[in-house]
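Note sheet for the following structure.
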Amino acid sequence: MQDFGCAVEGYVASGRGLVLLAENAPRFYHAHIILELLCGTEVHLECNVEGVKVFTGGVAWPEFTKLPNAGRAILSGLENLYEGTTIAEFKALGGGFETLAKNSQNKTAVVYRDVDDQKRGRIMVDTGYTKIWEGWGTPGTARYFMNAAVWLLALDYRIQTSAPEAPFVRGALNTNLRELRPGATPKLLPQIASRLIDVIFVLDKSGSVGAGWTPTVQFVETFVKSSAVRIAEWAVNVGILCFDARITQELELTHNKLNLDSHIANLKTLRADGGDTRFDRAMQAASEMFRKSKRKNPLRILVFETDGIDSSKYSRGEDDIDTLLGVCVGPSANPDKFRSKMIKKPGDQVLQVENFANLTQIVSSIVENVKAGRG
């Protein structure tokens, strides 16, 4: 289920429309998982509510004329709508969602979200999917879903060309339409990685880093927020670990934006005040983090950033890392010694940076290695 949720997250990130259908327990868990991935804890589904009512105009949507264009498009031409036999309930509603219709117990039953500021696709959530399971012949149901399908495809943006999201939505729309042609071979997301990718950042937090710690964290944040990673977000997992004489501040491999943002925000509050620079412990921890990944045959990229020389006399042996990118920062780092200890495979590289302020300039080099994992 988690893999499915990640695939849906990537689908929406590409700008395409999504409808989630839920019902009473346990038939809302799939929607709950996907909404948690898309919105964190801002949207929460639970509970069982008895339905079986048929709404008439003015009951489910008493202020139809006050709805934004999106809501009016979905409900256009409807005089009746069956709410479903048993339905779930929204206990929390955020994440940019708006209420479209309420059930007979005055609980939010249908919600929607238009293209957001991250250019993610439109979403609609209906908590009474028995309206198509047991009630397809009930008044209004077929029209309701046809309206929703047109709205999710964003066909209206072909006319409303002045809308700020129009160019992006039209690109996603054209891809959707190509896939709907008879004989076409559907592709989930042709622009994302065809191979899963695990990227671990190993960050030197020894005392010599000093004021360079802030740009070091910014270096990771720039990569996480790069367009290439956002587009391929479900396929690219990112892990972070910091080291000096010991391992601190580990974040296991994840593509969850909330977890990554939270961890990076925490790193910004720290200082580089550790002791020795122990490559051996850093590499051992990174290898263990890679092994914990349960994804099948991912491309493993290790980004190892340091401003000093190893104090553990470590020399890299056989491991499961596909590509190691050494990032040597400042005059105290010795790229030649790093190369002799750590560079063992054809794809390995050493990237030298004069100072911490220039760290983010090499993000594009790391992104290129991620892109190399795409088909």
Any link between Ile321 and Ile200 through a network of hydrophobic side chains (Ile, Leu, Val, Met, Phe, Trp, Tyr) touching at under 4.5 Å?
yes
Taking the inter-plane angle between the rings of Phe243 and Phe304 on a 0 to 90° scale, is it parallel (under 30°), tilted (30 to 60°) or perpendicular (over 60°)?
tilted
For the ring pair Phe219 and Phe201, is the centre-to-centre distance below 6.0 Å?
yes
Before you tell me yes or no, could you show the steps for Lys345 and Thr323 under side chain to side chain contact (heavy atoms under 4.5 Å, CB included), namely the whole-Å CA-CA distance, both residues' side-chain angles and the distance that decides it to 0.1 Å?
CA-CA 7 Å; Lys345 297 183 179 180; Thr323 300; over 6 Å; no
Check whether any side-chain heavy atom of Trp213 lies under 4.5 Å from a side-chain heavy atom of Phe356, and answer yes or no.
no
Atom CD of Glu288: over 12 foreign heavy atoms under 6.0 Å
yes
I need the Ser206 OG to Arg278 CZ distance, nearest 0.5 Å.
13.0 Å
May I ask you to say whether Asp319 pairs ionically with Arg316, meaning some side-chain N is under 4.0 Å from a carboxylate O?
yes
Tell me, with the steps shown, if Asp204 and Thr306 meet side chain to side chain donor-acceptor pair (under 3.5 Å).
CA-CA 5 Å; Asp204 186 347; Thr306 182; 2.8 Å; yes
Using 4.0 Å as the upper bound for N to carboxylate O, is an ion pair formed by Arg281 and Asp244?
no
Side chains of Val303 and Val327: does their closest heavy-atom pair fall under 4.5 Å?
yes
Testing the 3.5 Å rule here: is there a donor-acceptor pair between the side chains of Gln218 and Thr214?
no
